[in-house]
Structure formats: structure tokens, C-alpha cells
Student: 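Here you go, one structure.
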2 protein chains.
Amino acid sequence: MAVFRRRGFARTSIRDLAEATGLHPGSLYQAYGSKEGLFAAAVTTYNELVVEHRVRTHLDEAEPPLRGIDTFFASTFDDDGDDDSAADGPNPGCLLTNTAVEAHLLPGTSRDGVAAGLNLIEQGFQRVLERARQAGQINPTAATDQLAAQLLALYQGVLVLVRFGAPTTKLAAIVAHAVPAIIASGHHAEGST
Amino acid sequence: MAVFRRRGFARTSIRDLAEATGLHPGSLYQAYGSKEGLFAAAVTTYNELVVEHRVRTHLDEAEPPLRGIDTFFASTFDDDGDDDSAADGPNPGCLLTNTAVEAHLLPGTSRDGVAAGLNLIEQGFQRVLERARQAGQINPTAATDQLAAQLLALYQGVLVLVRFGAPTTKLAAIVAHAVPAIIASGHHAEGST
DNA sequence: ACCTTTGTTGAACGTTCGCTAAACAAAGGG
DNA sequence: CCCTTTGTTTAGCGAACGTTCAACAAAGGT
């Protein structure tokens, strides 16, 4: 899973995967049927182990709710993220983002996995925005589904820049301003009505 | 160039490129030295033919200035973009975005090309924001360099979702709300001071 | 016309790829 | 214990890969 995250599907060979898993090619084929099957399983596992965990930690359990959004973004480029990010070398970004740009060249199972992962994130954004609303942190009439979609787009963009190695200070500034701007647009637009 | 954009570096073979260019492998090697050299040249050409053109059309020449930002975003998923986008099949997104997530596995020349392209876009955003400021469309004290960085991140995220095949209506809604929210944050933050 | 330089072609090289199947090992059941 | 089933290993297959180079063609100069 980590190897796919760093190298992408096309550049990761079965031999790379054999080495990373400690299993030999025959076993991998026995278990997953093909390289694509293995990849789809890796995406699913990534969603379960990484995405769900991050969504739960930062979006479902953080207090105050809006603080969780900040840390969700910041943890993509801080060194306190998931295990893979702590490893030496360039930040691997997010398997979903890295895969999204090549997903149309993969079978539908991998694409469905990416879609599921993106949906986890978007729904997580929406839930935390609902919590923020109930906590009086944002306007009661803010369209949280719309805000969640916007945050997802921004999040993907930040991940691209993270992956490309943009300076951490720049990323932090982007997040510090753009996230509140988007969230506040619920306030602002309604406030001026 | 178009093949790289659709398939990425790793998945594009020299034979693909020979077919696309009409030149044989030996000629490609004579001219570019290696597959990586060819790729770096493709990124440079993409910046010159596609990115510069888009930046000039939408950001440098559009009136009113803020309208240009809208069309710059919208043309990533409308069918009236550059020639490649008009072709049949999934939207190829942006070569820079697609490359950014694998750039650390490529030589520095390609990475420099991606950095140059991203910079073209960011500087284009900043120039159009300056124009908007002079036209009285945004707050005179807005930090246009900061806004430009935020717009670049959002733009990259939109491109990821475009590439992944997100519904056009969803993308349009994201752009319609998030872009003005970010731009208005110059207004809003200063307005409340 | 002939020679030199530049550019192109096409076959083939060594390497790597995804994948397979026979051989082997481990686990389970009677 | 023996047999069957399941899982693993390992060598090797055919195909594809990036790249090279001898042969050929085209362009330029005298």
C-alpha cells in the first residue's frame, strides 16, 4: 500500500510489491488475481486504515469542530501524520489524489475505491460542519454539503502541492486563509441577504 | 505532449510516442536524448502552448478581470478548452497537475518545468487580481500574492476532480462559490478590521 | 557529379514486466 | 498415518520496455 502511494500503479512492479509484502509473486496472484486486483485492495485498505482514521480523528472527534478541519489540512504537510508520511523521503501525499489522475486508466474497482475514499472525506467535512453549526460556529443556514465539496476541492489541491514539495510555510498560509474563507462564505453570503 | 497528458510518463511508451509524433525511436533519441528528456521538452512545450495561452486569454486579457478567473476555472471542465480537451474520451486534466504527483520520481528538468508552469498560473492569478484591484473590484489592501496562492491550490484541486471525472454540475458549483469566497476574503477580513 | 554532414529508419539488444505452473510445504480431516 | 486441500515458492515464459547502431536517405557544399 505504501509503495503504491509513493510510486503510483504503473511504476510499481510486482517485484517491488513482493519485496514490500514479503510474499512472492505467486502468492500475490493467488490472493488478488492480478496487479490491478492488488491495487484495488490497497485502495480499500488505505481508505480503512488511513482515511477513515484521519476523518474520525480530525473531523468527527476534534473539538472545537472547526479546529479539526485545520488540523486535517495541516497534517498533510506536518510530520505528525500517518505512518507513511513519517518515513524518510518526499511526502507521499494521498494515495487517492495520486490515483485520481490515473484512475481512468485503471479498472472500475480501483476507481470505485478512489470515489469511496473521496466520499469519506467529503462526508467527514459535512459532518464536522454540521457539528460546527450546532456549536454555533457557523451560520445556521449555511449549506454544509456545498461547503464540504468546496473543502474537498481545496484539500485535493493542497495535496497536489504537498506532493510536489511546495514549501510548508506556503502551504500553511494557504490553509490558514482559504479554509476560513470558504467556511465563512456561508456566513458572509447569508449575512448580506 | 497530448499522450503524456493522458497517460502520464510511466505509462507512455516510446512506441506510443513514436506513433503520436510520426517519428521513429531513433529520431526521438537523436533529438531528445532520452524518454525523460522528451518528457521535459513536452512539459516546456505545454507551458508555452497551453498554459501561457490560457493565462493570457483568461487572466491577462479578460474583462472584467474577475470574470477571467471564473472562465479560467470553468474552461477546465467545459468543452471549449484547448485542443486536447476537445478530443474524445476522459478529460485529460492538466499535464502539470498530473505530473506533480509523480514529479519526485522524474529528473529535475521535468520538475523544473512543472514548477515553472505552476508559477505561470500563480503569477497570472496575481496579475489579474492586481487588475481587479485597480478596477475597484476587490479591496485595495488585499494581499494579491496570498490570494493567488490560494487560488492556485483550489485550481489544482479542481483539476484533480476534473481528471477523476467529477460531475460538471458539481464542479461548477464548487467554482461558483469557492472562488468568490477566497477572493472576497480580502474584502471580508479587511472589512471587519 | 561526388563527398560530407545531418537526420531517419528499422532491426535487435539486454532488461524488466506481469503472470503462470510445477514443485513443494503446511494445514485439515478421516 | 495417509490423503486432500490450501497456500507458497521459484523458475521461467512471452511480451513489452528503453535504447542503440548499422544502414540508408536527405540535405548541403564544392
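Everything quoted here is computed from the prediction, not taken from an experiment.
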Student: In this structure, how many angstroms lie between the P atom of D:dC17 and the CZ atom of A:Arg11, rounded?
Tutor: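 Taking CZ of A:Arg11 and P of D:dC17, I get 15 Å after rounding.
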Student: In whole angstroms, how far is the C1' atom of C:dG10 from the OH atom of B:Tyr29?
Tutor: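 Going from B:Tyr29 (OH) to C:dG10 (C1'), I get 15 Å.
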Student: Whole angstroms only, please: what is the CD-P distance between A:Gln30 and C:dC24?
Tutor: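 These atoms are roughly 19 Å apart.
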Student: Can A:Glu130 and A:Arg133 be counted as an ion pair, charged N to O under 4.0 angstrom?
Tutor: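 Between A:Arg133 and A:Glu130 there is a salt bridge, with a charged N closer than 4.0 Å to a carboxylate O.
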Student: Over how many whole Å does the gap from A:Phe39 atom CZ to C:dC17 atom P extend?
Tutor: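 About 17 Å, once rounded to whole Å.
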Student: On DNA chain C, check which nucleotide each of B:Pro25 and A:Asp16 is closest to and give me the residue with the more 5' one.
Tutor: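 Of the two residues, B:Pro25 wins.
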Student: Evaluate A:Phe72 against A:Tyr155 for ring pair (Phe, Tyr, Trp, His ring centres under 6.0 Å), listing each step before the verdict.
Tutor: CA-CA 9 Å; A:Phe72 189 68; A:Tyr155 182 64; 4.7 Å; yes
Student: Could you give the CD-to-P distance, from B:Glu19 to C:dT9, as a whole number of Å?
Tutor: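 Computing the B:Glu19:CD to C:dT9:P distance gives 14 Å.
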Student: Is A:Val50 reachable from A:Leu17 through a run of I, L, V, M, F, W or Y residues, each pair having side-chain heavy atoms under 4.5 Å apart?
Tutor: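 Linked within one cluster.
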Student: Would you say D:dT9 has OP1 or OP2 under 4.0 Å from some side-chain N or O of A:Ser27?
Tutor: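 Yes.
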Student: Take atom CG of A:Leu28 and atom P of D:dT10, then tell me their distance rounded to the nearest Å.
Tutor: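 A:Leu28 atom CG is separated from D:dT10 atom P by 13 Å.
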Student: Let me know the distance between NZ of B:Lys35 and P of D:dT19, rounded to the nearest Å.
Tutor: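 Distance check: B:Lys35 NZ to D:dT19 P gives 8 Å.
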Student: Could you check whether any side-chain heavy atom of A:Phe9 comes within less than 4.5 Å of a side-chain heavy atom of A:Lys35, counting everything from C-beta outward?
Tutor: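 Counting from C-beta outward, A:Phe9 and A:Lys35 do come under 4.5 Å.
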Student: With a cut-off of less than 4.0 Å, is there a side-chain N or O of A:Ser13 near OP1 or OP2 of C:dC17?
Tutor: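 Yes, such a contact exists.
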Student: Send over the distance from A:Ile14 CD1 to C:dG18 P, rounded to a whole Å.
Tutor: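 In whole Å, C:dG18 P and A:Ile14 CD1 are 5 Å from each other.
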Student: Nearest nucleotide by nearest heavy atom, which residue falls closer to the 5' end of DNA chain D, A:His24 or B:Thr12?
Tutor: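 This one resolves to A:His24.
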